[in-house]
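Here is the structure we will look at, set down as structure tokens.
Here, residue 1 is the first one in the sequence, and each next residue gets the next number. All ligand and atom numbering here is 1-based and tracks the order in the structure.
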Amino acid sequence: MNNRSSRLVSRRRFLLASASIAVSSLPFVRPSRAATGNELRIVAAPAKALLIDRDRPRTAVWAYDGTIPGPTLRLKQGEAVRIVVENRLDEDTTVHWHGIRLPNAMDGVPGLTQAPIKPGETFTYEFTPPDAGTFWYHPHANSLEQLGRGLAGALIIEEREPIVVDREMLWVVTDWRLTSGGQIASGFGNRMEAAMSGRIGNTVTLNGVVPEDQPVRAGERIRLRLVNASLARIMALRFEGHRPVVIATDGQPCDPHEPVGGRLLLGPAMRTDVVLDMVGEPGRRYRIIDDFYEGLAYWLTHLAYTDDPPLRSDPPDAPLRLPANPLPEPDLSSAQRHELKLEGGMMSGMGMMGGGMMQGMGGMMGHGRAVWTINGNSMTGDGHAGMPPLVTLAQGQNHVITLRNDTAWWHPMHLHGFSYRVLARNGAPVPHNQWADTVLMAPRDSVDIAFVADNPGDWMLHCHVTDHQTAGLMTVLRVGGGRSKT
Ligand code: C2O
Ligand code: CU
Ligand code: CU
């Protein structure tokens, strides 16, 4: 039995009653199509999507090419691409290619790296993805609402020589706050939520639908690419009866390893590639459980085994290690050191969740829009012209940044334009040679990251809980010539 809302329970009954409605009879719903080639076009526009029940009204969303999630863009490592983005929304937008190391002018931050794309206009992004891996794309203008209404898609950069698996699955997992009528709840930018865990919703979709089952065959080896495209929901996924092996974090290969406790921690914007050997029994179903929030565990979907006999008797021998990406390895002995301290939010002095919550609120609400700071500064919104850099990092040099979470909340901290090595957490070395562009910090965590500042420009660093970003947990790091200034 699961802990989902009665809405989802009634949906399952409904499906049992009438599984026969053809998807093709639903005019606005198309399966996400895979786009390939060196010249692509995507259109951001309002659309309707079937997120939950077939007997419920479709949800008004904002979408790329009319689909939730947007089309999966599959590009080739090291091959130049042009992506024309057309804005058919009623407001400005941009597209940010999250995790891709690209020229600053292609980074999609309005004001900072480009003029926003006005309604009716287009912008052509051109870059050559240097790294293979699992990435994603999303707007960087009015992000809270544009992402929260559905604008997001997966961006897969294919290896020249991928590892051998039987097949690949992609799960773009998205949290929505829906009304009882199945529409997206208003109230984006609620300041109280911004000072706490952000806008966490009530419905989680997998590739745009509330998913019952994922059919699999016994003995298969599957590469699963997981993308958390949520505004605020952190996930901890467990695979009943299975042992996922992590082979990449945020697109970047790591030493293949099983996650601690078998739980995959995935904050907003984070990606994990895992290899899953289907060691279950034909005909059985195994739950995939998200139990990150205490008392709010639910099952996301099931691995539903067909009755087919196992494809093979034992898992294959083939190696799991992905080919390395051409990332410059930071030299720690010569690295310049910096510290970024995150402060603010509710109960910042207390270091615990629980009873004191309501008392802290009054004072916090009185302040302006900013409820978070980085080294005492708050940048709010999504990016705008004239944002002064908090730190200038000498170009070509090695840098170690200590991120210190002096708040009572979790933060997935994202840096644009770079993948960084995650060196240490609370003084302990982080194993398995992990790189990231978004690192999840627990309350009071301190994390050391390192990278070579080889890509000049003004780069955003922000929390990817979108309410936190827009309420001050954001800054700009400048990579430029000359000496570092902190
Ligand atoms: Cu995916 Cu500035 O973010
Ligand atoms: Cu980014
Ligand atoms: Cu945060």
Quick one: report the N, O or S atom of H462 that is nearest to atom 2 (Cu) of ligand 1.
-> NE2
Every N, O or S from the protein that is nearer than 2.8 Å to the Cu ion (ligand 2) | H96 NE2, H414 NE2
Kindly determine whether V275 and I247 satisfy side-chain contact (heavy atoms from CB on, under 4.5 Å), including the steps that lead there.
-> CA-CA 7 Å; V275 168; I247 56 169; 3.8 Å; yes
Is there a side-chain contact between L73 and W97 (heavy atoms, below 4.5 Å)?
->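 Contact flag for L73/W97 side chains = yes.
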Check whether any side-chain heavy atom of Y298 sits under 4.5 Å from a side-chain heavy atom of I289, and report yes or no.
->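 Y298 vs I289: side chains apart.
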Using side-chain hydrogen bond (donor to acceptor under 3.5 Å, both in side chains) as the criterion, list what pairs up with S446, not counting sequence neighbours.
->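 side-chain hydrogen bond (donor to acceptor under 3.5 Å, both in side chains) list for S446, sorted by chain: empty.
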What is the ring orientation for H414 with H464, classed by angle as parallel under 30°, tilted 30 to 60°, or perpendicular over 60°?
-> tilted
Shortest non-hydrogen separation from D458 to L112 and the atoms involved |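 Heavy atoms of D458 and L112 come nearest at O-CD2, 3.7 Å.
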With the threshold set at 4.0 Å, does a side-chain nitrogen-carboxylate oxygen contact exist between E79 and R160?
->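 Looking at R160 together with E79, the answer is no, because their closest N to O distance does not fall below 4.0 Å.
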Residues forming a salt bridge (charged side-chain N to carboxylate O under 4.0 Å, His left out) with E126, sequence neighbours excluded |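 In terms of salt bridge (charged side-chain N to carboxylate O under 4.0 Å, His left out), with neighbours along the sequence ignored, E126 is linked to R82.
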Before giving the answer on side-chain contact (heavy atoms from CB on, under 4.5 Å), spell out for L342 and M413 the whole-Å C-alpha distance, their side-chain angles and the decisive distance to 0.1 Å.
-> CA-CA 10 Å; L342 321 179; M413 295 303 296; 3.7 Å; yes
Partner of W435 by side chain to side chain contact (heavy atoms under 4.5 Å, CB included), out of I449, L327, D131 = L327
Under 2.8 Å from atom 1 (Cu) of ligand 1, which protein N/O/S atoms are there?
-> H98 ND1, H138 NE2, H464 NE2
